[in-house]
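Written below as structure tokens is the structure these notes are about.
Letters go in sequence order (proteins before strands), and every chain restarts at 1.
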Amino acid sequence: MQVYNTMARKKEELVPLTPGVIRMYVCGPTVYNFFHIGNARPFVVFDTLRRYLEYRGYKVIFAQNFTDIDDKLINRANSEGTTVPEVAERYIKEYYADADALSIERATVNPRATEHVGEIIALVETLIERGHAYAADNGDVYFSVRSFPGYGKLSGQSVDDLESGARIDPTEHKRDPLDFAVWKGAKRGEPYWESPWGKGRPGWHIECSAMSMNILGETFDIHAGGQDLVFPHHENEIAQSEAATGKPFARYWMHNGYININNEKMSKSLGNFLLVRDIAKEFDLEAVRLFLLSAHYRNPVNFSRELVEQAQTALGRIKTARERLDDAMGKPVGAPTPEDAAFLAAVPEFRARFEGAMDDDLNTADALGVFFDFARAVNAFVSEPRGKEALEAADRLMKDVCEVLGLLQHASGEEFPKEALALLEERKAVRAAKNWARADEIREQLKAMGFSVEDGKDGAKLKRI
RNA sequence: GGCACCAUAGCCAAGCGGUAAGGCAGAGGUCUGCAAAACCUUCAUCCCCGGUUCGAUUCCGGGUGGUGCCUCCA
């Protein structure tokens, strides 16, 4: 599989450190609120990468952190008159609720910064010992950017260019404006941990270094996140980690593009961010997932209600193909036909095309194109009774593709209300009697109840609209 | 100023040297009591100008028009 490595600025063959095992780390949410659609993109994209790697037979050790201590949590706790752990606990729970609705699989590990403070302190101590960090007199500890020669290698910035644009916050005690905090001395009323530099808490960047290296090792395979994390977050992670260990940190850096809202950048400062929780009130989040996968992950995408509606309709196509295949499997015909043989021969071709797309830097847009081609072939194929073998081959590919893309993963065993079923029965009777007026009336009634009726060869089917 | 990115049909979006995937919307048709769903058919020479090449949407140069990072942010 080829993967675009931000560090190399090109696609590279993904070769894991340990054959058969992929160790990957994705920067997770700061849990001070529900997460927004912009957060959702990396979660969905790299969940899909993880699913595909597992489909390919890798054992994937997937770590995604929760940042559960920082200014935003402290502010939230203060404004609510509650505590930081209470805020964190609440939004971690809500993270899982939204993630589940987006069919994002649970990570192998979800480390929390507050559970790794000991390791963070140890890492800071190492940096100080090695001359890469220094304690300021206010209890802060800063990383000395100019002590690490490779600084800027991920983002392609030179230290001198950065220097000219840097600002110095007068409340900080840096020796160099480029330096950044790896440990923050506690201010009055803030949560703190005891450390060799007094009471304080971890800086943001150091958390990810400490957690990723502790869980995945000093060198691991993939580190991923949103494009906006390239600088400074990931640049700083590299500096801290490699300065401390003297070894390469992550081997492949993957970054997803932005989401715009109605053609406008979504950002905290603009205040136009859209919570996944709110989108879920109007749309099936699986449609949102499909929408997110319908463009290549490195390209920017624009989010609008119209586009999600399109995705929702497209998702319906896939659902229909799945249902039609299920129906056909319920009553296979005995002897294989030439059509069966032809279809059976075509299935591996679809699979190969799908894998080819995914192998090419996770080209989910292309892969979806293959999937829709396949769905059409399935729909055409099952318009007549077919042999078991061909149907099962279709079923396996359909399941594999859905599993990799994380579509149609929600349990569908929904029950229709009794009244609806009774109306459907009545309609069957009046249709037999060719009472079309009453039949149409019932169809309207069902529509008002939220169901559509589709008359097929084997009777009518109810569908939730 | 430094570092990157993008420009493909009404909308969204792949492709990136050999003559334009897929989805949504639209048109015609098959099926249907009528619909719906499904299927079939149909719907683009790829921002502009140069260059390289037998051949360019695809490579190079120059424009034009957008965007991002360099500051908390996925």
Given B/C34, B/A13, B/A74, identify the nucleotide with an atom nearest to the side chain of A/Asn256.
B/A74

Sugar-phosphate only, base, or nothing, as touched by A/Ser383 at under 4.0 Å among non-hydrogen atoms
nothing

Distance-only donor-acceptor test (3.5 Å): side chain A/Arg298, base B/C6
no

By the 4.0 Å heavy-atom rule, please label A/Val453 as base, sugar-phosphate, or nothing.
base

According to a strict under-4.0 Å criterion, is A/Asn379 in side-chain N/O contact with OP1 or OP2 of B/C39?
yes

When we call it a touch if two heavy atoms are under 4.0 Å apart, what does A/Asp440 touch: a base, just sugar-phosphate, or nothing?
base

Reckon A/Arg376 touches a base, only the sugar-phosphate, or nothing at all at heavy-atom distances under 4.0 Å?
sugar-phosphate

Using whole Å, what does the distance between atom C1' of nucleotide B/A14 and atom CZ of A/Phe354 come to?
15 Å

Inter-nucleotide C1' distance (B/C6, B/C16), Å rounded:
14 Å

When we call it a touch if two heavy atoms are under 4.0 Å apart, what does A/His296 touch: a base, just sugar-phosphate, or nothing?
sugar-phosphate

Taking only N and O in the side chain of A/Arg353, is any of them less than 4.0 Å away from OP1 or OP2 of B/G22?
no

Contact class for A/Tyr258 (heavy atom, under 4.0 Å): base, sugar-phosphate, or nothing?
base

Base, sugar-phosphate, or nothing: which does A/Leu290 touch, judged by heavy atoms less than 4.0 Å apart?
nothing

What does B/C31 pair with, Watson-Crick or G-U, if both distances are under 3.5 Å?
none

Shortest side-chain distance from A/Asp366, nucleotide among B/A14, B/A37, B/A74
B/A14

Which atom of A/Lys72 lies closest to which atom of A/Asp70, heavy atoms considered
N-OD1, 2.9 Å

Out of B/A74, B/C34, B/A14, which has the shortest distance to the side chain of A/Asn363?
B/A14

Euclidean distance for C1', B/C43 against B/U8 (whole angstrom)
15 Å

Whole-Å distance separating the CD1 atom of A/Ile318 from the C1' atom of B/G22
11 Å

Same-atom distance (P) from B/G15 to B/G68, integer angstrom:
23 Å

Of the nucleotides B/A4, B/G33, B/G15, which has the atom closest to the A/Asp360 side chain?
B/G15

When the P atoms of B/G18 and B/G28 are considered, how many whole Å apart are they?
37 Å

Given 3.5 Å as the limit, does a donor-acceptor pair link the side chain of A/Asn435 with the main chain of A/Arg438, or not?
yes

For A/Ala314, report the nucleic acid contact type (base, sugar-phosphate, nothing); a contact means any heavy atom under 4.0 Å.
sugar-phosphate

Is there a donor and acceptor pair, one atom on the side chain of A/Arg324 and one on the base of B/A37, closer than 3.5 Å?
no

Do A/Arg41's NZ or CZ and the ring of A/Tyr297 fall within the cation-pi criteria of under 6.0 Å and 45°?
no

Taking atom C1' in both B/A37 and B/C49, what distance in whole Å separates the two?
50 Å

For A/Gly225, report the nucleic acid contact type (base, sugar-phosphate, nothing); a contact means any heavy atom under 4.0 Å.
sugar-phosphate

Could you tell me whether A/Arg431 contacts a base, only the sugar-phosphate backbone, or nothing, with contacts defined as non-hydrogen atoms closer than 4.0 Å?
base

Between A/Asp100 and A/Arg106, does any NZ, NE, NH1 or NH2 come within less than 4.0 Å of an OD or OE carboxylate oxygen?
yes

With a distance cut-off below 6.0 Å to the six-membered ring centre and an angular limit of 45° from the axis, does A/Arg386 pair with A/Phe381 as a cation-pi contact?
yes

When you compare B/C12 with B/C34, how far apart are their C1' atoms, in angstrom units rounded to a whole number?
33 Å

From CG of A/Asn302 across to P of B/G68 the rounded distance in Å is 12 Å

It should be established whether A/Arg438 places a side-chain nitrogen or oxygen under 4.0 Å from OP1 or OP2 of nucleotide B/C34.
no

Should the pair A/Asp455-A/Arg427 be classified as a salt bridge under the 4.0 Å nitrogen-to-oxygen rule?
yes

Could you tell me whether A/Phe34 and A/Tyr91 have their ring centroids closer than 6.0 angstrom?
yes

P atom, B/C73 versus B/G66: distance in rounded Å?
29 Å

When the distance from CG of A/Asn299 to C1' of B/G68 is rounded to whole Å, what number comes out?
13 Å

Heavy atoms only, 4.0 Å cut-off, all strands: where does A/Thr313 land among base, sugar-phosphate and nothing?
sugar-phosphate

Could you tell me whether the side chain of A/Glu105 and the main chain of A/Asp47 form a donor-acceptor pair under 3.5 Å?
no

Any strand is fair game: report the nucleotide pairing with B/C43 by Watson-Crick or G-U wobble, both distances under 3.5 Å, or none.
none

Classify the nucleic acid contact of A/Ser158 as base, sugar-phosphate or nothing, counting any heavy atom under 4.0 Å across all strands shown.
nothing

Taking atom P of B/A38 as reference, at what distance in whole Å does atom CG of A/Leu325 sit?
15 Å

Checking base pairs now: Watson-Crick or wobble, both atom distances under 3.5 Å. What partners B/G68?
B/C3

Using whole Å, what does the distance between atom P of nucleotide B/A38 and atom NZ of A/Lys463 come to?
7 Å

Ring-face cation contact, A/Tyr32 with A/Arg76, 6.0 Å cut, 45° max:
no

In Watson-Crick or G-U wobble terms, both distances under 3.5 Å, what is the partner of B/G50?
B/C60

Euclidean distance for P, B/G26 against B/G65 (whole angstrom)
36 Å

If you assign each of A/Pro29 and A/Gln310 to its closest nucleotide in RNA chain B, which residue comes earlier from the 5' end?
A/Gln310

Proximal nucleotide (of B/C11, B/C73, B/A38) relative to the A/Lys72 side chain
B/C73

Would you kindly give the CD-to-C1' distance between A/Gln157 and B/G2, to the nearest whole Å?
7 Å

Tell me which of A/Thr30 and A/Thr320 sits closer to the 5' end of RNA chain B, going by the nucleotide each one is nearest to.
A/Thr320

From CG of A/Asn236 across to P of B/C70 the rounded distance in Å is 12 Å

Regarding A/Asp373, tell me which of base, sugar-phosphate or nothing describes its non-hydrogen contacts under 4.0 Å with the strands shown.
sugar-phosphate

Could you tell me whether the side-chain ring of A/Phe372 sits stacked on the base of B/G22, using a centroid cut-off under 5.5 Å and a plane angle under 30°?
no

